[in-house]
Amino acid sequence: MTPEELSTTIARALATLVDEGTLRLPDGVPADVVVERPRNRDHGDYATNVALQLAKKAGVSPRELAGMLAERLTGSPGVASVDIAGPGFLNIRVTADAQGVLAAQVVAAGPSYGTSQTLAGTRFNVEFISANPTGPLHLGHTRWAVVGDAIARVLEAAGAEVTREFYINDRGSQMEKFGASLEAVALGRAVPEDGYHGAYVHDLAQLVVAENPHIVDLPEGERTVAFREAGYKLQLTQQQQQLSAFRTDFDIWYSERSLHDGDRVAHSLERLREQGHLFEADGALWMRTTDFGDDKDRVLVRSNGELTYFASDTAYYVDKRERGFDVCVYLLGADHHGYVGRLKAMAACAGDDPEVNIEVLIGQLVKILRGGEEIRLSKRAGTMVTLQELVEMIGVDSLRYTLSRYPADSPLTLDVEEITRQASDNPVFYVQYAHARLSAILRNGAELGITPAGAGGSGFDPSLLSDELEGELLRSLADFPRVVATAAQLREPHRVARYLEDTASKFHRFYDSCRVLPMGDEEPTAVHSARLLLVAATRTVLANGLGLLGVGAPERM
RNA sequence: GCCCCCGUAGCUCAGGGGAUAGAGCACCGCCCUCCGGAGGCGGUGGCGUAGGUUCGAAUCCUACCGGGGGCACCA
């Protein structure tokens, strides 16, 4: 009995009451009856507030409606008891066997347990990081790598079709400064004031010269371009390798330059012109984003004929839509939040629905502490801690888990000592340890010749999982699909992490008081194999959940 | 000046209208005869302020106070 099944049962009971004429619901039976897990155990296994919600519409008192429903629900398959509480809550207890069968369902579903079709048929483009290829990836990028990737995974679990995309900002003045900086360093000249300064610039310059010994002999202008291009390739390759090692893989690396090859920009301007939101003023071409709530209109083509960055963004967006994506998700840093309004307005100018086709998620800053002090400076980049340094300091699993257990829109302070500690007070180890322990129990069981019930042909009696702590664990496992679906819907993968911590805790409590394997010479019984099935189910859920965060689920630690 | 985000325990953070607001750190205690003690159990302690909507608000709305960020024919 999952919350979803219970919800359906309640909806059916409501429908019956309506059919009988006992109840009148002008708006019909709600499609989704909310079933929640009460905090307080005295309030049952599950509770619903439908009676409170519908009472006014039905023209009866909440408790009266609750009474009708309770009567109808009592005796339904899987329902052990129904109580009316407070202003009109229905507190429901389910039978042990109805609840226990879930263990078998989870094991049967395996890696697919937790997936759904709630977003099936929708094509998502998730763009994240999109760093300039002019330097190493840093702490900020690291957060988007984790969150963007986890969002993509969770969307896929909800049945969506997802493309992960990295937009390479390989065009424009930053690139010129980058080339000039490399060149200056290689020639022993002073780096331009507004150029790039970190130590990595020196390393890169050296590499460039090592690979192209004759580059320094090129004529003035040509030389800068050659440095820019060589540095770009090296830097991009480094970013790609580091991200791949960080288990963040992109389907598409989209070069801004490629956008300007061919007629894509002109094409997108044409599209916008057709929609009637372009105009010329002061010799420049503008988009009237104020038609859609932006605080000012935006220039696309400057009076000197140059395209603005915003023109690229617009063409890029139009291109994404023409590639067939229904929803374009952008993960941007907090410093770009001023961009949200104009991006949305731009989508509207292109004839799209800004509430549907474009989503801009703003991530807040991360600070990192070590020894109680904020780490600000990086040896390599000069300004910020790099992804590489973070991985070396913290490790991929810990880093990924820690960054994915907080909502991206809340500012965050991490303590290096705390998140690398190999102890239960470190959430990532707490969850991974639970998985390793579950794996160990299954290994030990196999050695004793005990297999999970139902798996090896032995019958599974779900009513044997009747302990209060087994019930708690089962209900937690039953929540998983809903948690994943919600995480996908809200683009909040941190919900998965929090859920895993809670489930791991439920497991440890169960383990502490329910003996799974036979003690000493004890003969294996049906209880042992039933519990072993519950262990297998729990392991499946933890492994699937960790997988959604891109974190490993170790068999041993 | 205008716009956006954030104020929850001493600290770092969860809580997308529901019943007694949670977790980790820190501090004080308790629990191992056998499945991994990398575990379990308990204690101390909190929703910035004032209104409003609601049967019900940490959650939605308004104002104020406090913190952060953004407002280019920059990229």
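Naming: A, B, ... by sequence-line order, numbering from 1 per chain. Bear in mind that the values here come from a model prediction, so they are computed numbers and not experimental data.
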Taking atom types as modelled and ignoring hydrogens, do the side chains of [X] and [Y] form a donor-acceptor contact shorter than 3.5 angstrom?
X         : Y         : value
Asp479(A) : Tyr499(A) : no
Glu256(A) : Ser312(A) : yes
Arg443(A) : Ser439(A) : no
Thr314(A) : Ser268(A) : no

Protein-nucleotides 41-48 of chain B N/O pairs closer than 3.5 Å?
unit_1: C41(B); atom_1: OP1; unit_2: Arg509(A); atom_2: NE; d: 2.5

Can you tell which of [options] lies closest to the side chain of [X]?
X         : options                : result
Asn49(A)  : A72(B), G18(B), G36(B) : G18(B)
Arg498(A) : A19(B), C73(B), C13(B) : C13(B)
Thr486(A) : C35(B), C71(B), G16(B) : G16(B)
His336(A) : A75(B), C73(B), C35(B) : A75(B)
His337(A) : A75(B), G70(B), C13(B) : G70(B)
Pro407(A) : A14(B), C73(B), A38(B) : A14(B)
Arg302(A) : C13(B), C35(B), C74(B) : C74(B)
Trp286(A) : C13(B), C73(B), C3(B)  : C73(B)
Ala284(A) : G69(B), C73(B), C13(B) : C73(B)
Tyr433(A) : C71(B), G36(B), C13(B) : G36(B)

Work out how far the [atom1] atom of [N] is from that of [M], and round it to whole angstrom.
N      : M      : atom1 : value
C61(B) : C30(B) : P     : 49 Å
G45(B) : A38(B) : C1'   : 28 Å
U49(B) : G66(B) : C1'   : 11 Å
G22(B) : C41(B) : P     : 15 Å

**His336(A) and Tyr330(A): CA distance, side-chain angles, deciding distance, side-chain contact (heavy atoms from CB on, under 4.5 Å) verdict** = CA-CA 11 Å; His336(A) 282 73; Tyr330(A) 291 74; over 6 Å; no
Whole Å only: how far is the [atom1] atom of [X] from the [atom2] atom of [N]?
X         : N      : atom1 : atom2 : result
Asn91(A)  : U20(B) : CG    : P     : 13 Å
Leu332(A) : G70(B) : CG    : P     : 14 Å
Met519(A) : C32(B) : CE    : P     : 15 Å
Arg342(A) : C71(B) : CZ    : P     : 8 Å
Tyr167(A) : A75(B) : OH    : P     : 12 Å
Glu501(A) : A14(B) : CD    : C1'   : 9 Å
Asn304(A) : A72(B) : CG    : C1'   : 14 Å

Over 60° means perpendicular and under 30° means parallel, so tell me whether [X] and [Y] are parallel, tilted or perpendicular.
X         : Y         : result
Tyr254(A) : Tyr167(A) : tilted
His508(A) : Tyr433(A) : parallel
Phe279(A) : Trp286(A) : parallel

Main-chain N/O of [Y] paired to [X] side chain as donor or acceptor, under 3.5 Å:
X         : Y         : answer
Ser181(A) : Tyr196(A) : yes
Arg143(A) : Gln364(A) : yes
Ser7(A)   : Pro3(A)   : no
Arg257(A) : Asp170(A) : yes

**Request:** Give a yes or no on whether a donor-acceptor pair under 3.5 Å exists between the nucleobase atoms of A23(B), that is its base, and the side chain of Tyr430(A).
**Result:** no
**No-H, no-angle donor-acceptor pair, Asp194(A) side chain to A75(B) base, under 3.5 Å** = no
**Message:** Near RNA chain B, counting only heavy atoms under 4.0 Å, which residues of residues 50-59 of chain A show up?
**Reply:** Leu52(A), Gln53(A), Lys56(A)
**Request:** Could you check which residues of residues 33-46 of chain A get a heavy atom under 4.0 Å from RNA chain B? Sort them by number, please.
**Result:** Glu36(A), Arg39(A), Asn40(A), His43(A)
**Item:** Base partner of C27(B), which must satisfy Watson-Crick or wobble distances under 3.5 Å
**Value:** G43(B)
At 4.0 Å (heavy atoms only), tell me whether [X] reaches a base, stays on the sugar-phosphate, or touches nothing.
X         : answer
Asp282(A) : base
Met175(A) : nothing
Gly172(A) : sugar-phosphate
Ser173(A) : sugar-phosphate
Leu412(A) : sugar-phosphate
Glu555(A) : base
Ala85(A)  : base
Asp297(A) : nothing
Gln364(A) : sugar-phosphate

**Request:** Could you point out which residue of Leu465(A), Leu438(A), Leu464(A) forms a side-chain contact (heavy atoms from CB on, under 4.5 Å) with Leu534(A)?
**Result:** Leu465(A)
**Request:** Check whether the aromatic ring of Tyr406(A) stacks on the base of C13(B), taking stacking as ring centres less than 5.5 Å apart and planes within 30° of each other.
**Result:** no
**Item:** Aro-ring/base stack Phe89(A)-A19(B), d under 5.5 Å, angle under 30°
**Value:** yes
At less than 4.0 Å, is any side-chain N or O atom of [X] found next to OP1 or OP2 of [N]? Yes or no.
X         : N      : value
Thr308(A) : A75(B) : no
His435(A) : G36(B) : no
Lys177(A) : C74(B) : no
Arg556(A) : G36(B) : no

**Request:** Quickly, which of Arg531(A), Arg509(A), Lys506(A) forms a salt bridge (Lys or Arg N to Asp or Glu O under 4.0 Å) with Glu470(A)? Name it, please.
**Result:** Arg531(A)
**Asked** Within a radius of less than 6.0 Å around CD of Glu193(A), do more than 12 heavy atoms belonging to other residues, nucleotides or ligands occur?
**Response** no
**Asked** Near Arg556(A) CZ, under 6.0 Å, is it more than 12 heavy atoms from other residues, nucleotides or ligands?
**Response** no
